2 protein chains.
Amino acid sequence: MRKVYIVGVGMTRFGKFPERTVTDLGAEAILAALDDAGAGVTDIQFAAAGHTRGGSCAGQRAMAQVGIAGIEVLNVENACASGSSAIRWVYQAIRNGLYDVGLAAGMENMTSRIRGVIPPNPEDLEGALGRVMPSVFAMVARRHMAEYGTTIEQLARISVKNYKHGSRNPRSRFQKEATVEEVLSSRMIADPLTLMMCCPTADGGAAAVLCSEDALKRFGRHRPVQIMASALQAGEYRTIDTDMAHSGLAERTALMAYEEAGAGPKDLDMIELHDCFAPAELTHYENLGLCGKGEGGRLIDEGRTTYGGEVVVNPSGGLLTKGHPLGATGVAQACEAVWQLRGEAGTRQIEGARLALIHTMGGGVSALEAGACSVHILGI
Amino acid sequence: MRKVYIVGVGMTRFGKFPERTVTDLGAEAILAALDDAGAGVTDIQFAAAGHTRGGSCAGQRAMAQVGIAGIEVLNVENACASGSSAIRWVYQAIRNGLYDVGLAAGMENMTSRIRGVIPPNPEDLEGALGRVMPSVFAMVARRHMAEYGTTIEQLARISVKNYKHGSRNPRSRFQKEATVEEVLSSRMIADPLTLMMCCPTADGGAAAVLCSEDALKRFGRHRPVQIMASALQAGEYRTIDTDMAHSGLAERTALMAYEEAGAGPKDLDMIELHDCFAPAELTHYENLGLCGKGEGGRLIDEGRTTYGGEVVVNPSGGLLTKGHPLGATGVAQACEAVWQLRGEAGTRQIEGARLALIHTMGGGVSALEAGACSVHILGI
């Protein structure tokens with residue numbers, strides 16, 4: 001099995017671009033990633049595209065729009081982990097020698113069709129009865145508060161941190177700082193979650209060029225970032241004895257990635273994790289092993305997950321401020337990790353970042369036991 | 001790289017089941033495939049699910065419904081080639097040693113939401129102007145007729161053959177024979193294509209259990225069928241100098257599969273090919289190398305693609321009579337090939353079948369240069 005590297009990344013700004021098609025957003029990101037890698041369209045031998053509402057063969061359309069044609073293209077869908085799943089399967093194809101150079105793209109146009117919460121699947125009876133994502137994470141928050149004494153201010157501080165990070169990210173949908181008071185006084189969405197504790201939908205695209213060690217010499221524009229580990233798992237779907245305040249799926253998937261990378265949470269310089277709601281970030285501190293169960297609130301209080309702390313979580317601003325164009329999110333997380341590891345993250349650069357983890361959750365069939373969890377570890 | 005086998009297959013009947021959910025249809029097929037393989041739910045280490053309108057994480061939901069949980073699940077989409085793409089990537093995962101046993105599923109519920117033609121992608125301007133699938137294949141037919149003197153009766157004979165095959169298939173949506181006159185006098189859809197030259201939409205599911213050579217001993221219920229070749233490609237998307245009567249994509253993908261299998265069209269005992277419309281089957285005779293360009297009409301006239309001929313094409317009845325639940329189609333083609341190769345196809349058994357080809361086209365961005373073409377060769 002061969003080593004696999006990311007040699008180029010690119011993304012659009014995330015925001016409200018209802019007039020732009022999903023393939024147009026994908027194409028902009030793909031061109032940016034090719035340019036970043038110093039790659040031409042004929043270098044790409046395989047492409048996977050993650051999207052959840054792009055229609056049939058949106059990947060092929062986005063590739064064709066920039067001139068990538070006549071190769072193998074696979075569209076992959078794992079809800080919010082669609083983009084991460086695209087990265088994983090381009091990684092697997094290269095790692096196993098099927099191809100030398102591949103492209104993973106993620107793209108989504110949401111704001112032209114979705115207002116408010118993401119509509120549940122047509123056959124999701126609980127969703128139809130109101131168990132949509134904000135309700136699920138409101139329950140996660142309430143459970144964590146009941147179980148461990150976590151406070152609403154601690155949840156608000158997660159938003160404050162990510163708004164601060166996002167204020168330094170020119171590709172973020174929101175680019176302004178916020179106070180605890182502003183977060184708490186924003187509109188109530190699902191008690192105790194206010195608007196600023198919920199990530200906004202967005203339109204956007206992100207892409208990454210991956211290659212084998214042998215092919216590295218063709219793409220010498222930047223220092224290559226190695227994919228040290230890749231794990232993708234589905235939930236166990238237990239409906240009883242489930243710890244609502246945690247995700248066994250995230251815990252299990254992270255352990256697989258740590259084992260493959262030969263590294264643990266203490267070795268990480270940065271994490272992009274799936275902060276679809278403020279309590280999601282808090283519980284993922286615990287799921288990813290940054291602290292023990294119930295200690296997530298203390299982590300945010302003590303500033304240990306921002307600049308100057310042990311590990312910077314969501315330097316990009318995360319889903320909470322950057323926005324969450326579902327299929328694009330996982331690839332955008334990889335973009336941020338690559339820029340940080342290469343030392344190109346400008347005013348939000350993490351000093352000497354060498355090891356990054358990116359984590360995405362997809363779907364929500366049974367509370368936190370979602371349909372997909374993906375964890376990748378990247379190093380330089 | 002390891003040899004990969006199909007050790008169990010299963011499918012629902014294809015038909016109009018608007019009250020059944022996509023996951024329910026998938027689950028029935030998955031259970032049938034597990035039973036056929038003599039496999040338990042804990043044998044499955046990886047699953048890929050092909051569907052085009054199942055919503056987010058439909059694969060995970062179908063797996064969870066039968067008790068397959070806590071493994072890696074990937075939803076793949078390549079329009080009508082979604083099911084084939086699922087087979088290909090389970091095949092790749094096993095071939096490269098990532099997993100030993102995997103499951104490929106395809107499933108679709110269409111009739112509850114689609115009447116008549118499949119609606120084009122929202123951003124498909126040509127589709128919005130009327131260039132939907134029946135129009136495209138009407139142009140293919142017209143071009144073939146103009147170029148090679150192919151007749152409308154020859155196109156009708158393709159439907160007659162597939163209706164005859166389908167009449168022997170208890171899982172086919174239609175199960176009655178038809179005459180040339182009936183085909184020609186059925187309702188006009190897109191001149192010259194009448195209703196019976198167009199495949200019907202359908203609801204259905206299909207699944208296959210794949211494993212490595214080492215794992216074969218665990219699944220001894222039936223003779224294993226080897227996947228000898230697998231190819232998946234996207235189109236070149238040339239809009240000028242395109243031969244409307246042929247698909248360079250299908251030709252190129254088939255050549256890749258023939259080369260991998262070390263076999264050619266003359267070696268095949270059966271083919272399940274993508275007969276979404278009667279002229280599609282005719283042109284694919286030529287694209288797959290069964291005859292030279294322009295000779296497809298003669299092939300059907302001389303009965304060379306049915307029982308007693310050189311190769312039986314679409315013994316299942318094909319898309320034209322079995323029905324076409326998009327994501328399920330490619331996996332259902334594999335089911336038919338496996339049953340034929342194992343000698344279990346009942347009244348439609350092809351004597352001594354040893355080598356089968358299955359071929360699926362997906363999408364239609366630029367006429368026949370579709371978004372995806374998949375070709376697999378299976379042998380026993």
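So you know, we letter chains A, B, ... as the sequences are listed, proteins then strands, and number each from 1. Scope of the values below: all heavy atoms of this structure, side chains included, with no hydrogens, waters or symmetry mates. None of the values given here were measured: they were computed from a predicted structure.
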Next item on the list: Step by step, work out the side chain to side chain contact (heavy atoms under 4.5 Å, CB included) result for A:Q92 and B:N96.
Entry: CA-CA 9 Å; A:Q92 287 296 351; B:N96 293 298; over 6 Å; no
Checklist line | Rounded distance [0.5 Å steps], CD1 in A:I71 versus CG in B:L232 | finding: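 The CG atom of B:L232 is 10.5 Å from CD1 of A:I71, to the nearest 0.5 Å.
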Next item on the list: Could you tell me the separation between the OG1 atom of B:T23 and the CG atom of A:D124, rounded to the nearest 0.5 Å?
Entry: 10.5 Å
Notebook entry, point to check: Which bit of A:T52 is near chain B, if near means a heavy-atom gap under 4.5 Å: side chain, backbone, both or neither?
Noted result: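 For A:T52, the contact with chain B is made by the side chain alone.
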Notebook entry, point to check: Hey, what's the ring geometry for A:W89 with B:F46, parallel, tilted or perpendicular (30° and 60° as the breaks)?
Noted result: parallel
Checklist line | Flag side-chain contact, heavy atom, 4.5 Å: A:V22 against B:E123 | finding: yes
Margin query: Would the distance check show the side chain of B:N121 and the main-chain N or O of A:S56 forming a donor-acceptor pair, the cut-off being under 3.5 Å?
Written below: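 Present.
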Item checked: Short side-chain to backbone donor-acceptor contact, B:R61 and A:G371, under 3.5 Å -> no
Note to self: Within residues 77-86 of chain A, which residues come under 4.5 Å of chain B, heavy atom to heavy atom?
What the structure shows: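 A:E77, A:N78, A:A79, A:S85 fall under the 4.5 Å cut-off.
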Item checked: Choice from B:V73, B:D24, B:L74 maximising heavy atom contacts with chain A below 4.5 Å ->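 Counting heavy-atom pairs under 4.5 Å, the top option is B:L74.
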Next item on the list: Check A:G363 against B:C57 and note the closest heavy-atom contact, atom names and distance.
Entry: CA-SG, 4.3 Å
Checklist line | Smallest separation among heavy atoms of A:A372 and B:Q60, with atom names | finding: CB-NE2, 3.9 Å
Next item on the list: Please collect all salt bridge (charged side-chain N to carboxylate O under 4.0 Å, His left out) contacts where either partner lies in residues 79-105 of chain A, sequence neighbours excluded, each pair once.
Entry: A:R2-A:D100, A:R88-B:E72, A:R95-A:E260
Notebook entry, point to check: Of the backbone (N, CA, C, O) and the side chain (C-beta and beyond), which part of B:L98 lies under 4.5 Å from a heavy atom of chain A, both, or neither?
Noted result: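 Contact with chain A: side chain only.
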Checklist line | Max heavy-atom pair count under 4.5 Å with chain B, selected residue of A:P120, A:A93, A:G55, A:A58 | finding: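 Among the listed options, the one with the most contacts to chain B is A:G55.
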